[in-house]
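Indexing begins at 1, ligand by ligand and atom by atom, following the structure's order.
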Amino acid sequence: MTQPQELVDKVVAELTGWLPAQRWFGGKDRPVDAVRPLRSTVLSHDPLLVHLVVEVEQADRLDPYQLVVSDRLEGFEATGDAELTGLLLDRIARGDTVEGLEFRTEPGVEVPEGLRGRPITSEQSNTSVVFGSQCILKFFRKLTLGENPDLVLQRALHEVGCEHIARPLGSISGELKGERTTFGMLQQFLPDAVDGWAMATTSVRDLMAEGDLHPNEVGGDFAGEASRLGAAVARVHADLERALGAQVADADDIERSVRAMHARLDLVLGSVPELEQYAPALREAFDQARDTPGAIAIQHIHGDLHLGQVLRTVHGWLVIDFEGEPGAPLAERTALRSPLRDVAGMLRSFDYAAHQLLVGQPEDEQLARRALEWSRRNRAAFTEGYAESSAAAVGDPRERGPLLRAFELDKAVYEVAYEHANRPEWLTVPLSSIARITGEGA
Ligand SMILES: Nc1ncnc2c1ncn2[C@@H]1O[C@H](COP(=O)(O)OP(=O)(O)O)[C@@H](O)[C@H]1O
Ligand SMILES: O=P(O)(O)O[C@H]1O[C@H](CO)[C@@H](O[C@H]2O[C@H](CO)[C@@H](O)[C@H](O)[C@H]2O)[C@H](O)[C@H]1O
C-alpha cells in the first residue's frame with residue numbers, strides 16, 4: 001500500500017510537466033521552474049486521498065495551486081473519480097475538520113451523504129464537480145490567499161435574498177501561509193441551466209445560416225434574453241450595494257483607475273507586440289474616462305462578467321463565479337469599483353459571441369457584417385434592460401460614454417493577455433474589437 005508521503009513526492013515530481021497541459025493552469029505562457037509542496041492533508045487512507053497545495057515557481061512568480069490526488073487512478077488527479085470526490089462531499093455534509101482543513105455547510109443547510117461526483121467538462125479556470133442533481137463543488141485551482149470573493153459575495157447576496165444567484169451550500173477552507181483561505185465552494189446546482197455563451201452562440205449560428213435575414217427576423221433572436229439579462233445584472237448590482245454598501249468615487253479613485261488601465265496596457269504590450277499599433281488610441285480613451293459627466297458610484301462588483309458566467313434557468317437569469325479576473329491580485333478584486341465594469345465585460349462578451357465564428361475565416365465580409373449587426377442589436381438590448389432596472393446611483397450606462405468605453409477597452413486588453421496565454425488562436429477576437437472601437441483599422 002502506498003504511503004501518503006510517497007504519493008505526494010511522486011506527484012510533485014510529475015507536476016512540472018503535467019501542470020502546463022491543464023486547462024485551469026494559469027501560467028501556460030511561461031515555463032514552470034519548480035514545484036514545491038506547501039501543505040498536504042490525508043483525507044482518507046483507504047482509498048488513499050490526499051489534499052495537496054503546491055507552490056509553482058515561474059520566473060518571478062510564485063503561485064499556490066490545489067489538487068486532490070490518489071494512488072488508485074491511472075494518473076493521480078482525483079477530481080474525475082466519482083467515489084473519491086464523494087468523500088469530499090461527505091466531509092462537508094458531516095462538518096469535519098481534518099488537520100485544520102474545515103469542511104462546512106452554510107447555516108441551515110443539510111447536504112446528503114453518499115453521493116457520487118461527476119466533473120463538468122466546460123472550459124474553465126477551476127474544477128467543478130456535480131453531485132446528483134442538487135449541488136456543485138467548485139474546487140479553486142490557483143489559490144488566492146484569504147477568503148475567496150466568490151464565496152464572500154455570494155454569501156452576502158444570499159443574505160439579502162438576491163434572486164439571481166445559486167444558493168451557497170458549503171465551503172472548504174483552511175490556513176495557507178498564515179491566512180484563512182477558501183479552497184472550495186459548494187453551491188446549489190441548477191440542472192436545467194443553460195449558460196449564456198451557449199445560448200448566444202447558438203443564436204449567432206442561426207443568423208449565419210440564414211443568408212438574407214437580419215437578427216430580428218431569425219428564429220433564434222437573442223435580444224429579448226439580452227434585455228432580461230441586463231435587468232438581472234442590474235438587480236445583482238443593486239443587491240450587492242444593499243448588502244455591502246457603496247461610495248461615490250472621488251478624484252483620487254478615478255485617477256487610480258485610469259493609471260491602472262495604463263499599467264495593464266504597459267504589461268500586456270510587453271508580451272503581445274500586435275497590440276502596439278493601438279496603444280496611442282487606447283491611452284487616449286483611458287485618459288478620456290476622467291471626463292465622464294456626473295458622480296460615479298463604486299461598490300463590490302462581479303469583476304469578470306461575461307456570457308459564460310450567467311445561466312438561464314426556467315426562473316430567469318442567474319449570475320455565477322464572483323471570483324473576479326483569475327489573474328488579478330486579491331486587493332484589486334475586492335476593491336470597490338464601478339458596476340459599469342461588469343456592464344463593459346458583458347458588452348465585450350456579446351462582441352465575442354458574434355465574432356468567434358470568424359476565427360477561421362477572417363476574410364468573409366458578409367459574415368463580418370452579420371456578426372456586427374448581431375453584436376450591436378444584443379449590446380443595445382442588454383444596456384437598455386440594465387438601464388431600466390438599475391439603481392439610481394448607477395443610472396443609465398449610456399450616459400457614461402467615456403467611462404464605459406474605457407472599461408470596454410481595458411477589458412479587451414485583459415482579454416488579449418488572456419487569449420495570448422490560453423487560446424492563442426482566439427487572439428484576433430479582442431484585437432479586432434480594439435481595432436473597431438478605437439477606429440484604428442480592422
Ligand atoms: N450552480 C450551477 N448550476 C449549474 N451549472 C453550474 C453552476 N455553477 C457552475 N455551473 C457550470 O459550471 C461552469 C463553470 O463554473 P464557474 O463558476 O464559472 O467556474 P470557473 O471559475 O472554473 O470558471 C459554468 O459555466 C456552468 O456551465
Ligand atoms: O474562467 P473564467 O470564466 O473565470 O474567465 C476566464 O475565461 C474566459 C473564457 O472561458 C474569458 O472570457 C473570454 O472568452 C469568453 C468566451 O469563451 C467570452 O464570453 C468573454 O467575453 C471573454 O472575456 C475570461 O475573460 C477569463 O477571465
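Residue contacts with ligand 2: D304 is placed with a nitrogen or oxygen under 3.5 Å of a nitrogen or oxygen of the ligand (distance criterion only). Between H306 and ligand 2, at least one pair of N/O atoms sits closer than 3.5 Å. In terms of polar-atom proximity, defined here as any N/O pair under 3.5 Å, W197 makes no such contact with ligand 2. Of the polar atoms of D321, at least one N or O is found under 3.5 Å from an N or O of ligand 2, judged by distance alone.
Near Q309, meaning under 4.0 Å from any of its heavy atoms, are these atoms of ligand 1: 18 (O). Every atom of ligand 1 with a heavy atom of L190 under 4.0 Å away is listed here by number and element: 1 (N), 2 (C), 3 (N), 4 (C). Atoms of ligand 1 lying under 4.0 Å from at least one heavy atom of G308, given by number and element, are 25 (O). Atoms of ligand 1 found under 4.0 Å from any heavy atom of A166 (numbered from 1 in listed order, with element): 1 (N). Of all the atoms in ligand 1, the ones that sit under 4.0 Å from a non-hydrogen atom of Q188 are 1 (N), 2 (C). Contact atoms of ligand 2 toward Y414: 25 (O), 26 (C), 27 (O) (distance under 4.0 Å to a heavy atom of the residue). Of all atoms in ligand 2, numbered sequentially from 1 with element shown, those under 4.0 Å from a heavy atom of R23 are 10 (O). Atoms of ligand 1 lying under 4.0 Å from at least one heavy atom of I120, given by number and element, are 11 (C), 12 (O), 13 (C), 14 (C). Residue S349 approaches ligand 2 through these ligand atoms, each under 4.0 Å from one of its heavy atoms: 18 (C), 19 (O), 20 (C), 21 (O).
The aromatic rings of F25 and Y65 sit tilted, their planes meeting at an angle between 30° and 60°. Ring geometry for F382 versus F350: interplanar angle of 30 to 60°, hence tilted.
Remark: of the listed residues R436, R376, Q356, R436 is the sole one forming a side-chain hydrogen bond (donor to acceptor under 3.5 Å, both in side chains) with D351.
Atom 27 (O) of ligand 1 has its nearest heavy-atom neighbour, among T313, L318, D195, in D195. Between the choices D192, D321, I165, the shortest heavy-atom distance to atom 16 (P) of ligand 1 belongs to D321. For the residues E325, E415, R423, the heavy atom positioned nearest atom 23 (O) of ligand 2 is part of E415.
For the pair E419/V429, no side-chain contact is recorded, criterion being any heavy-atom separation below 4.5 Å from C-beta on.
Side-chain rings of F131 and F189 stay apart, their centers remaining 6.0 Å or farther from each other. In this structure, the ring of W426 has its center no less than 6.0 angstrom from the ring center of Y418.
Using a 4.0 Å cut-off between heavy atoms, L311 contacts ligand 1 through its side chain alone, with no backbone atom that close. Within the 4.0 Å heavy-atom criterion, the part of K138 lying near ligand 1 is the side chain and not the backbone. At a heavy-atom cutoff of 4.0 Å, ligand 1 is contacted by the side chain of I136 but not by its backbone. The proximity of Q309 to ligand 2, defined as any non-hydrogen pair under 4.0 Å, is limited to the side chain.
No more than 12 heavy atoms of other residues, nucleotides or ligands shown are found within 6.0 angstrom of CD on E110. Counting non-hydrogen atoms of other residues, nucleotides and ligands closer than 6.0 Å to CD of E163 gives a total of 12 or fewer. In this structure, R118 places its CZ atom where more than 12 heavy-atom neighbours from other residues, nucleotides or ligands lie under 6.0 Å away.
With hydrogens and angles left out, the side-chain atoms of S257 and R259 include no donor and acceptor closer than 3.5 Å. A donor atom on one side chain and an acceptor atom on the other are not found under 3.5 Å apart for H306 and R348. Side-chain N/O atoms of D33 and Q58 include no donor and acceptor closer than 3.5 Å.
With sequence neighbours excluded, the residues that form a ring pair (Phe, Tyr, Trp, His ring centres under 6.0 Å) with F322 are H302.
The closest approach between any non-hydrogen atom of Q187 and ligand 1 is not below 4.0 Å.
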